[in-house]
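In what follows, a structure is listed as structure tokens, so that the remarks can point back to it.
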Number of protein chains: 2
Amino acid sequence: MPVVRLASDDPAWGNFEHGNCELEKMRLYTAKTIGRSAKAETSRNEILSAAANIMRRHGYAELTLRNVAAKVNMKAGSLYYHFSSKDELATEVMRIGVEAVERDVREALDQVSPIDSEQRLITAVHIHLNALLRSSEFVSSHIRCYPFVPDRVRFELREVRRRYDLLWLELIGEFINRPARGDEVIYIWHILVGALNQSLEWFNPNRHSIDDYARQIEIMLRQFRSQRPL
Amino acid sequence: MPVVRLASDDPAWGNFEHGNCELEKMRLYTAKTIGRSAKAETSRNEILSAAANIMRRHGYAELTLRNVAAKVNMKAGSLYYHFSSKDELATEVMRIGVEAVERDVREALDQVSPIDSEQRLITAVHIHLNALLRSSEFVSSHIRCYPFVPDRVRFELREVRRRYDLLWLELIGEFINRPARGDEVIYIWHILVGALNQSLEWFNPNRHSIDDYARQIEIMLRQFRSQRPL
DNA sequence: TATTATAACTAACACTTGTTAGATTAACAG
DNA sequence: CTGTTAATCTAACAAGTGTTAGTTATAATA
């Protein structure tokens with residue numbers, strides 16, 4: 001019946017399970033494992049994953065400690081053994097998210113020639129989209145919930161976020177041969193980030209292709225370069 | 001200190017007042033005024049505006065009946081004289097939003113040659129951006145809160161939203177000379193809508209220019225056409 | 001096995017939420 | 001001025017929130 005099939009038409013919209021990249025999670029989790037027993041570490045990771053899942057699917061408003069606890073067969077109060085507050089839990093989920101996607105992008109860029117600025121930007125687009133839409137609920141929960149999270153949480157995340165933002169500004173600056181902090185680069189950055197991150201609200205893995213979408217974004221990006229002298 | 005000034009760095013982020021387009025509001029409100037006294041109508045409109053303001057600035061989770069009531073010097077219970085539920089209030093705010101921006105875009109398109117598909121698309125971009133970032137909190141609250149609103153509210157809005165979506169698909173289809181329902185058009189539509197609507201999260205009227213941003217979007221759009229035969 | 005630290009539970013707290021019924025005021029008709 | 005309708009308030013409700021203190025069960029260590 002719907003002429004255009006919108007994400008919002010799908011009853012299961014937003015309820016897809018992401019591929020379980022357990023290896024990736026492990027790498028992230030263990031990065032900051034200090035003085036925690038194996039069992040505590042496992043529980044903590046389950047809690048983080050459950051929280052990320054709720055945040056990605058239903059938004060920050062639906063992230064309640066009782067919801068999270070139920071997903072890991074615990075009671076709300078038990079979560080305080082692993083996190084000192086709801087804010088800390090949310091911060092940790094989102095911190096894992098940015099750090100994951102930044103690490104993935106940087107690792108992929110290491111395999112690309114430093115002077116091929118077009119291939120570098122395109123690579124970053126692919127990696128970011130895959131993290132967002134396929135591999136990591138930590139990434140998607142961060143992107144989806146950041147604007148609605150309490151001030152304190154946003155404040156805690158400002159440095160990791162800025163690092164990732166600067167990476168993009170530099171990639172774009174190199175690509176269009178302009179200063180990374182000029183208005184031009186910044187506006188293009190906003191266009192690109194908007195196109196990438198809004199996909200969370202419509203992308204349906206059963207109906208859409210990450211690569212197809214990334215290809216259209218590549219086409220768009222080339223225009224910004226072709227408008228300018230090299 | 002921040003290298004790149006992000007919206008989230010600004011303490012007043014999201015707290016800008018939109019230009020008071022009272023005339024526009026009147027046109028919208030009165031469109032469905034049936035069997036309501038002048039006083040009731042005024043109160044109802046104040047409630048709608050207050051709700052839209054909260055939704056745009058703080059998101060749907062912060063929209064509480066007590067918050068809204070306080071803004072219009074009422075008590076929470078009094079709102080039930082004008083709306084039968086919180087859902088109905090939210091639905092009405094968002095319905096006004098889509099209908100407003102769709103009407104604005106269509107009226108502007110009436111002034112553009114039907115065969116100048118580039119100018120038509122560019123016009124729509126400008127009108128949409130201005131509604132979103134400057135003139136209407138009903139539009140911005142809709143865009144910002146739609147993904148987080150209860151299912152019932154989204155269901156109520158599906159028709160008005162689809163009408164507006166189809167308008168864009170047709171504009172893009174004409175512009176790149178492709179069927180409005182093909183994958184190509186739909187992906188470009190998602191890119192464009194993402195770039196437009198995400199601006200809600202970073203745009204700061206004291207620091208950015210709507211026209212500058214719209215111009216960058218124009219550059220982007222031309223690439224999609226130039227890639228194809230006419 | 002006995003002891004101890006770990007990890008979870010119970011049950012409540014103070015508070016906020018949407019919503020409702022009934023009382024109260026304000027505006028207006030006769 | 002009187003009576004009636006329209007508009008708002010009061011005060012509570014049941015449900016849900018983050019958080020805490022005290023308790024129990026589990027697991028590791030001696």
Side-chain angles (χ1 to χ4, degrees), chain A residues 29 33-52 54-55 58-94 145 148-156, chain B residues 29 33-52 54-55 58-94 145 148-156:
Chain A
Y29 291 147
T33 303
I34 330 165
R36 274 195 285 267
S37 80
K39 178 168 167 62
E41 191 65 21
T42 302
S43 294
R44 195 184 136 96
N45 292 349
E46 284 174 2
I47 294 167
L48 286 166
S49 292
I54 292 171
M55 290 169 76
H58 305 297
Y60 184 76
E62 301 294 318
L63 180 77
T64 68
L65 297 184
R66 284 168 178 84
N67 279 351
V68 174
K71 288 198 76 154
V72 297
N73 297 315
M74 287 189 188
K75 304 294 172 167
S78 308
L79 304 185
Y80 281 83
Y81 183 81
H82 302 279
F83 301 93
S84 70
S85 68
K86 178 185 172 179
D87 278 5
E88 188 186 296
L89 169 58
T91 304
E92 190 64 4
V93 166
M94 297 172 73
C145 296
F148 304 98
V149 118
D151 287 342
R152 261 176 251 117
V153 176
R154 280 208 301 273
F155 184 79
E156 291 287 332
Chain B
Y29 290 147
T33 303
I34 331 166
R36 277 194 283 268
S37 79
K39 178 169 166 62
E41 192 65 21
T42 302
S43 294
R44 195 183 136 97
N45 292 348
E46 284 173 3
I47 294 168
L48 286 166
S49 293
I54 292 171
M55 289 169 78
H58 306 297
Y60 184 76
E62 300 294 318
L63 181 77
T64 67
L65 296 184
R66 284 167 178 83
N67 280 349
V68 175
K71 289 198 77 156
V72 297
N73 297 314
M74 287 189 189
K75 305 294 173 169
S78 308
L79 303 186
Y80 282 82
Y81 183 81
H82 303 278
F83 301 93
S84 71
S85 69
K86 178 185 173 180
D87 278 6
E88 189 187 297
L89 169 58
T91 304
E92 189 62 3
V93 166
M94 296 172 74
C145 297
F148 304 99
V149 118
D151 287 342
R152 262 175 251 116
V153 176
R154 280 208 300 276
F155 184 79
E156 291 288 332

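Every chain is numbered from 1 and lettered A, B, ... according to where its sequence line falls, protein lines coming before strand lines.
At a threshold of 4.5 Å between non-hydrogen side-chain atoms, the residues B:M94 and B:M55 count as touching. Looking at B:V72 and B:S43, their side chains never come closer than 4.5 Å, going by heavy atoms from C-beta outward. Residues B:L65 and B:L89 are in side-chain contact: their nearest non-hydrogen atoms beyond the backbone lie under 4.5 Å apart. Annotation: side chain of B:H82 is not in contact with side chain of B:L79 (no heavy-atom distance under 4.5 Å).
Side-chain atoms of B:T42 and B:N45 include no donor-acceptor pair closer than 3.5 Å.
Residue B:S43 has no polar side-chain atom (N or O) positioned under 4.0 Å from OP1 or OP2 of D:dA7. Remark: B:S37 is in phosphate contact with D:dA7, judged by side-chain N or O atoms under 4.0 Å from OP1 or OP2. Within the 4.0 Å cut-off from OP1 or OP2 of D:dT8, at least one side-chain nitrogen or oxygen of B:K39 is found. Contact annotation: A:Y80 side-chain N/O to D:dT19 OP1/OP2 distance is under 4.0 Å.
Put simply, CZ on B:R36 is 13 Å from P on D:dT8, counting in whole angstrom units. The CG atom of A:N67 sits 8 Å away from the P atom of D:dG18 (whole-angstrom rounding).
A cation-pi contact links B:K86 to B:Y60, judged by a cut-off of 6.0 Å to the six-membered ring centre and 45° from its axis.
A donor-acceptor contact under 3.5 Å is formed by the side chain of A:R66 with the base of D:dG18.
B:K86 comes within contact range of the sugar-phosphate backbone alone, with a heavy-atom separation under 4.0 Å but no base atom that close. Counting any heavy atom pair closer than 4.0 Å across all strands shown, A:S78 reaches a base atom. Within the nucleic acid shown, A:L79 has no heavy atom closer than 4.0 Å to any nucleic acid atom.
With salt bridges taken as basic N to acidic carboxylate O contacts below 4.0 Å, one links B:E92 and B:R44.
Here chain A contacts DNA chain C (any atom closer than 4.0 Å to a heavy atom, that is under 4.0 Å), and the contacts span C:dT6 to C:dA12 from 5' to 3'.
Nearest-nucleotide mapping onto DNA chain D: of B:N73 and A:L65, the residue sitting toward the 5' end is B:N73. Along DNA chain C, the nucleotide closest to A:G77 and the one closest to B:G77 are compared, and the more 5′ of them pairs with A:G77.
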